[in-house]
Amino acid sequence: MLKGKTVLLGVTGSIAAYKTASLASALKKLHADVHVLMTQNAVNFINPITFETLTGNKCLVDTFDRNFEYSVEHVSLAKKADVVMIAPASANVIGKIAHGIADDMLTTTVMACRCRKIVAPAMNTNMFENPIVQDNMKILENYGYEVISPAVGYLACGDTGAGKMPEPELLLEYILQEIACEKDMQGLNVLVTAGPTQEAADPVRYLTNHSTGKMGYAIATVCARRGASVTLVSGPTALKKPQFVRMVEITTAKEMFEAVAGRASEQDIIVKAAAVADYRPKSVSSEKMKKKDGELTLELERTDDILAWLGGHKRPGQFLCGFAMETQDLIGNARQKLQKKNLDMIVANSLRVEGAGFGGDTNVVTMITENEELSLGKMSKEETASKIMDRIMDIRAAEDIGGSENNRI
Ligand code: CTP
């Protein structure tokens with residue numbers, strides 16, 4: 001994902017420095033070229049050899065290191081960088097950079113970088129809350145740096161409060177958001193639905209399905225990384241909330257309908273990956289239903305078909321993409337939904353195919369439009385999401401060029 005990208009990691013003197021080793025490793029696994037710059041104080045917390053082993057690159061500490069070509073050429077590294085992250089960032093380094101002081105390898109290199117810079121402060125709560133540090137962080141923000149709010153929790157110094165460096169997974173998300181994708185969806189509003197809905201029968205039981213939300217979350221993440229303004233309307237899932245998207249959490253089909261219908265008119269693209277319940281119990285018992293001898297019949301009523309409603313209220317230029325999960329006649333059934341619900345595209349997958357369907361990390365889909373069927377092989381849900389969005393963007397571009405429905409591929 002990060003092949004050909006250069007990431008500079010600045011590490012300063014904080015106990016959180018050990019976490020940056022995991023970040024460096026994760027970046028390397030995504031094929032980034034990772035260079036670590038450490039302050040002299042950071043070396044007291046983690047050995048540069050750790051980073052050198054993980055990244056395969058010399059760890060830069062001292063501007064006057066005579067053993068390495070970059071020692072006098074920190075500017076070339078600065079030029080190569082696609083993004084710089086200083087994590088952990090001490091109060092000292094934040095203060096120095098905010099005031100233009102460049103007196104070691106890290107600060108001189110950062111000063112010479114034109115790319116986006118992200119700072120993850122990590123320090124004692126009292127230091128973090130000190131108005132001088134707060135002002136320095138504002139200065140950095142005013143100069144276009146992104147300052148990640150530290151997590152709140154138990155700190156190594158024994159205090160509890162704000163000042164903890166966020167976990168490496170979160171730091172990685174910031175880097176991916178910055179450099180993983182071309183920002184070809186900048187300026188577009190995208191609404192994605194994901195997960196199941198739950199339809200209560202009583203305060204204890206509900207009707208639902210096996211959807212885990214993974215496909216929809218992958219689509220929302222990909223769109224956000226490509227620069228779109230993303231709203232994710234999600235049913236209950238066990239997934240971590242994606243960064244950089246607006247989350248709207250709902251439980252029932254009715255709540256999803258309201259959340260989607262109320263936001264639909266502002267959207268350029270709507271992708272309905274959610275597995276919405278088609279029926280809900282007609283009456284919801286306010287007390288727990290006690291078991292009785294014999295059978296129980298639950299009377300069900302239809303929920304709103306949200307996608308059909310969207311198809312009926314589609315504004316010109318809006319792209320509507322549905323999903324269809326089938327167990328038989330995949331293409332025929334999906335095509336019927338495409339027409340009936342007035343969609344621009346439907347993504348069909350079969351529960352009968354290995355690697356497709358609920359829960360797993362892969363999918364096998366066919367993207368169906370009025371005149372085309374494009375099958376993708378088995379791939380991760382994230383890759384599938386990218387391909388779906390590529391196709392949607394291509395179709396939109398072709399429409400803009402041709403300016404007519406008939407030019408649709
Ligand atoms: N959908 C929806 N609202 C519903 C039911 C489905 O918006 N009440 C959307 C889903 O999010 C999906 C598409 O419609 O994008 C197809 O859903 P699916 O369950 O496959 O189809 P149904 O229309 O419910 O038809 P059937 O259950 O007969 O297969």
Side-chain angles (χ1 to χ4, degrees), residues 190-200 206-220 223 230-237 239 248-265 267 269-282 300-314 318-353 356-359 363-370 373 381 384-385 388-389 391-392:
V190 179
L191 186 143
V192 182
T193 70
T197 64
Q198 292 177 352
E199 312 300 329
Y206 54 80
L207 296 177
T208 190
N209 56 63
H210 294 295
S211 171
T212 58
K214 282 184 183 171
M215 194 62 241
Y217 278 50
I219 292 169
C223 292
V230 182
T231 304
L232 175 60
V233 179
S234 174
T237 77
L239 302 176
V248 182
E249 289 171 283
I250 55 88
T251 303
T252 64
K254 187 166 187 290
E255 287 166 2
M256 183 173 279
F257 177 82
E258 280 156 12
V260 171
R263 292 169 174 83
S265 64
Q267 308 303 326
I269 300 171
I270 301 179
V271 183
K272 279 224 80 247
V276 189
D278 290 326
Y279 295 91
R280 67 177 153 241
K282 193 164 181 182
L300 303 178
E301 65 181 8
R302 281 286 304 271
T303 58
D304 290 308
D305 189 321
I306 307 166
L307 194 53
W309 185 91
L310 290 168
H313 292 78
K314 195 163 43 166
Q318 187 177 62
F319 194 98
L320 193 52
C321 173
F323 267 73
M325 179 176 281
E326 307 291 343
T327 55
Q328 56 184 343
D329 190 13
L330 178 70
I331 305 296
N333 278 326
R335 244 188 207 295
Q336 261 187 21
K337 288 173 193 174
L338 179 81
Q339 276 149 15
K340 219 167 100 189
K341 302 192 190 198
N342 189 27
L343 310 180
D344 299 286
M345 183 160 109
I346 191 152
V347 179
N349 61 357
S350 167
L351 262 187
R352 303 277 185 241
V353 170
F358 292 124
N363 211 344
V364 185
V365 304
T366 303
M367 298 180 287
I368 304 171
T369 55
E370 199 182 335
E373 278 158 29
K381 285 189 171 163
T384 308
I388 294 169
M389 295 321 298
R391 194 70 207 115
I392 292 177

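Because the structure is predicted, anything quoted here is derived from the model rather than measured. Along the sequence shown, residues carry numbers from 1. Just so you know, ligand 1 is whichever comes first in the structure, and atom 1 is the first atom listed for that ligand.
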In ligand 1, which numbered atoms sit nearer than 4.0 Å to a non-hydrogen atom of [X]?
{"X": "Met325", "answer": "20 (O)"}
{"X": "Ala274", "answer": "10 (C), 11 (O)"}
{"X": "Thr303", "answer": "8 (N)"}
{"X": "Gly322", "answer": "15 (O)"}
{"X": "Ala324", "answer": "20 (O)"}

Minimal heavy-atom distance between Arg280 and Lys254, with the atoms involved, is NH1-CB, 4.1 Å
Tightest non-hydrogen contact, residues Thr197 and Met256, listed as CG2-CE, 4.4 Å
Answer yes or no: is there a donor N or O on one side and an acceptor on the other, between the side chain of [X] and the main chain of [Y], under 3.5 Å?
{"X": "Glu199", "Y": "Pro281", "result": "no"}
{"X": "Asp305", "Y": "Leu307", "result": "yes"}
{"X": "Thr303", "Y": "Asp278", "result": "yes"}
{"X": "Asp344", "Y": "Leu320", "result": "yes"}
{"X": "Asn349", "Y": "Asn363", "result": "no"}

Above 12 or not: heavy atoms from other molecules or residues under 6.0 Å from OH of Tyr206?
no
- prompt: In this structure, are over 12 heavy atoms from other groups packed under 6.0 Å from Gln328 atom CD?
  reply: no
Result for side-chain contact (heavy atoms from CB on, under 4.5 Å) between Gln267 and one of Ile270, Ile269, Val271 points to Ile270
[X] to ligand 1, any heavy atom closer than 4.0 Å:
{"X": "Ala253", "answer": "no"}
{"X": "Lys341", "answer": "yes"}
{"X": "Asp304", "answer": "yes"}

The protein heavy atom nearest to atom 15 (O) of ligand 1 is Lys272 O, 2.7 Å
Among non-hydrogen protein atoms, atom 3 (N) of ligand 1 lies closest to Ile306 N, 3.1 Å
N or O contact, [X] vs ligand 1, cut-off under 3.5 Å:
{"X": "Ala273", "answer": "no"}
{"X": "Asp278", "answer": "yes"}
{"X": "Phe323", "answer": "yes"}
{"X": "Val276", "answer": "no"}

Nearest non-hydrogen contact to atom 25 (O) of ligand 1 from the set Lys340, Lys337, Met256 belongs to Lys337
task = Using a distance threshold of 4.0 Å (strictly less than), state whether atom 28 (O) of ligand 1 has a protein heavy-atom neighbour.
result = no
Distance col, row Leu330:CG vs Thr366:OG1, nearest 0.5 angstrom, shows 5.5 Å
Short version for Asp305: what comes under 4.0 Å of ligand 1, heavy atoms counted, is both
